[in-house]
Number of protein chains: 2
Amino acid sequence: MTGSTRSDFRISTLRQACTHCSLNQLCLPMSLSEADIEQLDAIVERRKPLDRGGHLYRAGDSFRAIYAVRSGSLKTYTTADNGEEQVTGFHLPGELVGLDAINSWVHPCGASALETTSVCELPFEELENLAADIPGLQRQLFRLMSREIFADQEMLFAMARRSAEERLAMLLLSFSDRFGRRGLSPSRFRLPMARTELGNYLGLAPETMSRLFRRFQEQGWLEADGREINLLDVPTLRELSGRGGEEAAGGQCHPVPE
Amino acid sequence: MTGSTRSDFRISTLRQACTHCSLNQLCLPMSLSEADIEQLDAIVERRKPLDRGGHLYRAGDSFRAIYAVRSGSLKTYTTADNGEEQVTGFHLPGELVGLDAINSWVHPCGASALETTSVCELPFEELENLAADIPGLQRQLFRLMSREIFADQEMLFAMARRSAEERLAMLLLSFSDRFGRRGLSPSRFRLPMARTELGNYLGLAPETMSRLFRRFQEQGWLEADGREINLLDVPTLRELSGRGGEEAAGGQCHPVPE
DNA sequence: CGACATTTTGACGGTCTTCAAGACAGGTGG
DNA sequence: CCACCTGTCTTGAAGACCGTCAAAATGTCG
């Protein structure tokens, strides 16, 4: 009885195909034909979920594959000589991690789970071969990498020229967009990471984060109860973030015109 | 007489082939066969040199091609709503620009020449087609994009966690590496951009840059006469930059093992 | 030479960090 | 059920670092 249930559970998770995945418009298969998606499916490996804090890979690990987040969330981070850590990105379902390792075949950043998280593993050598055969896939890969470059540059701009307030506004809107894109509420959501980690990502001390959240609440821009966020005044936040109608940085989610 | 000379000049510049280009180990052709390089050669368009301040493309221009710097140098930059400018990168011979536009087919940043600069134009649609046929080219493109992602993340780290001093040390070492890689002196070089632009890139005010350079000279770490730089104490700079033996960020130059 | 941009210098102030302490939450074991 | 503990968050006070402002000096190019 129990054995049967467990077995069913594992089969149903492990055999989830790209075709039926609700994220396939965010992830690689976008704009591929059914037949192409099946080819892609054949090389995708599903792994058992990671527990909170578990590592998908560590900095220095040799590179084998890139990963698409299926559920849960990840952070990627580097560690400096002196041991201080810098979060380089948060990754939600439908987003890819590991693209920064293609050049050197070694992961320059570690990736760990912020909560229970499952990913699809895309062995890179096979993905490359497939990309040479399927023009749409090659193009999609170029695009996703380009998008990441663009997002990193936006983030760079933010770090160089924007105040703490503006940076937090940007980040909140980035999450808002990314949740919205998955059909979740763009105004009410639960952040999967601690304030400390948000602050680390934004280059701000935890104390500053605390004060910022208080100020944002006093201004009536949002309600925050721990990790539970409720955005009340998106227009003001958008104005603060400095880039009116444009996409917020900090993630891999941007519109994809053809 | 004059007509003949001018004509010769133009032919010799315009017909310079990748095979004979001294930069081909920095740029795309790396590790391609002679035959493959010839195919690449066929799609490369050489343009007439840009004058200082001239634009290769502007933010908002539609994307047609990526470009490899052949001689001279470029900066890429974004402009915010309020008009303030942020330099997103400096690009020396052998480096590519325009990769951030692949995703949206619109250039999110402008690119302008810091001095008289010539580039090779690589029409992207044709490059994509060629990449599907030549596995080595596809791989090289993935690599170069990955390298850029990595470099941007390093830069992000610097902006988030490093002091003005540390950032300047990083940048100087980045230029040192990049000049060195081209066979020039890694300790004596002429920066192609103004202090103001360096500062803009690093997220620092011009006044701060001035004070930094003075402090660095007082410490005996370098000599600077305008844009002419002479690094005197690379080990100390390297220690300051926080990443001992590793690559400095801020550019597209990293070792490429196979 | 003369107009203009870039760089330098000094004084001052704001933003964010750091340090130190206390509040709160979630989980564990008695 | 409560005491305990650890990690996270909050709050306050002090100070560092860098930005801003203003003005002079230097450099650059027509």
Side-chain angles (χ1 to χ4, degrees), chain A residues 51-53 75 80 82 84-87 112 114-116 157-171 190-219 222-229 240 242, chain B residues 51-54 75 80 82-87 112-116 157-171 190-218 222-229 240 242:
Chain A
D51 290 331
R52 174 184 155 79
K75 70 170 178 184
N82 53 19
E84 64 181 346
E85 199 175 291
Q86 166 69 30
V87 175
S112 72
L114 295 166
E115 57 196 313
T116 304
F157 180 97
M159 303 294 262
R161 297 232 116 43
R162 303 232 161 287
S163 69
E165 246 180 21
E166 294 168 323
R167 283 186 236 172
L168 179 55
M170 280 184 56
L171 187 60
R190 182 184 174 75
L191 294 173
M193 71 293 289
R195 295 279 154 88
T196 313
E197 286 169 315
L198 282 181
N200 183 305
Y201 178 60
L202 294 176
L204 300 170
E207 296 91 331
T208 308
M209 290 304 288
S210 179
R211 289 185 250 264
L212 278 176
F213 269 96
R214 183 157 54 77
R215 219 182 308 163
F216 275 39
Q217 293 190 74
E218 284 167 4
Q219 300 287 337
L222 56 75
E223 279 169 9
D225 177 25
R227 298 180 174 185
E228 217 69 53
I229 304 291
L240 246 187
Chain B
D51 290 331
R52 174 185 155 81
K75 70 169 178 183
N82 52 21
E84 62 180 349
E85 200 175 291
Q86 166 69 30
V87 175
S112 71
L114 294 166
E115 57 196 313
T116 304
F157 180 98
M159 303 294 264
R161 298 236 106 57
R162 302 233 160 288
S163 69
E165 245 180 22
E166 294 168 323
R167 283 185 236 171
L168 179 56
M170 281 184 56
L171 187 62
R190 181 183 175 76
L191 295 173
M193 72 293 290
R195 295 278 154 87
T196 313
E197 288 168 315
L198 281 180
N200 183 305
Y201 178 60
L202 294 175
L204 299 170
E207 295 92 331
T208 306
M209 290 303 289
S210 176
R211 288 185 251 265
L212 279 176
F213 269 95
R214 184 158 53 80
R215 218 182 309 163
F216 275 40
Q217 293 190 74
E218 285 168 4
L222 57 76
E223 278 170 8
D225 176 25
R227 297 181 173 185
E228 218 67 56
I229 303 292
L240 245 188

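The sequence lines fix the lettering, A, B, ..., with proteins before strands; numbering per chain opens at 1.
Heavy atoms of A:Gly203 sit under 4.0 angstrom from primed sugar atoms or phosphate atoms, though from no base atom.
Applying the 4.0 Å criterion to OP1 and OP2 of D:dC9, one finds that A:Thr196 has a side-chain N or O inside that range. Not one side-chain nitrogen or oxygen of B:Thr208 sits closer than 4.0 Å to the OP1 or OP2 atom of D:dC18.
Rounded to whole Å, atom P of D:dT11 lies 13 Å from atom CG of A:Leu212. Going from atom CZ of A:Arg195 over to atom C1' of D:dT11 covers 15 Å, rounded to whole Å. To the nearest angstrom, P of D:dC9 lies 8 Å from CD of A:Glu197. The interatomic distance linking A:Leu114 (CG) with D:dT8 (P) rounds to 12 Å, in whole Å. Distance CD1 (A:Ile229) to P (D:dC9): 11 Å, rounded to an integer number of Å. Atom CZ of B:Arg162 is separated from atom P of D:dC18 by 13 Å (rounded to the nearest Å). Rounded to whole Å, the distance from CZ on B:Arg215 to P on C:dT8 is 14 Å. Distance, B:Met209 CE to D:dT20 P: 15 Å, rounded to whole Å.
Taking a 6.0 Å sphere around CG of A:Asp225, one finds it holds 12 or fewer heavy atoms contributed by other residues, nucleotides or ligands. Around CZ of A:Arg52, the count of heavy atoms belonging to other residues, nucleotides or ligands within 6.0 Å does not exceed 12.
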Measure all distances between protein nitrogen or oxygen atoms and nitrogen or oxygen atoms of nucleotides 27-29 of chain D, and list the pairs falling under 3.5 Å.
none

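The B:Ala194 side chain lies nearest to C:dT7 when the options are C:dT7, D:dT10, D:dG19. Considering only the side chain of B:Ser210, C:dT9 comes nearest among C:dT17, D:dG19, C:dT9.
You'll find a donor-acceptor pair under 3.5 Å spanning the side chain of A:Arg211 and the base of D:dG12, going by distance alone. Not a single donor-acceptor pair, N or O on each side, falls under 3.5 Å between the base of D:dC9 and the side chain of A:Glu207.
In this structure a side-chain-to-backbone donor-acceptor pair under 3.5 Å is missing from A:Arg162 to A:Leu240. Here the side chain of B:Arg161 pairs a donor or acceptor atom with the backbone of A:Asn200 at under 3.5 angstrom. Of the possible polar contacts, one joining the B:Arg195 side chain to the B:Gly226 backbone as a donor-acceptor pair under 3.5 Å is found.
Pairing each heavy atom of A:Gln86 with each of A:Tyr201, the nearest pair is NE2-O, 3.6 Å.
When each of A:Met193, A:Arg167, A:Arg227 is checked for a side-chain contact (heavy atoms from CB on, under 4.5 Å) with A:Leu198, only A:Met193 meets the rule.
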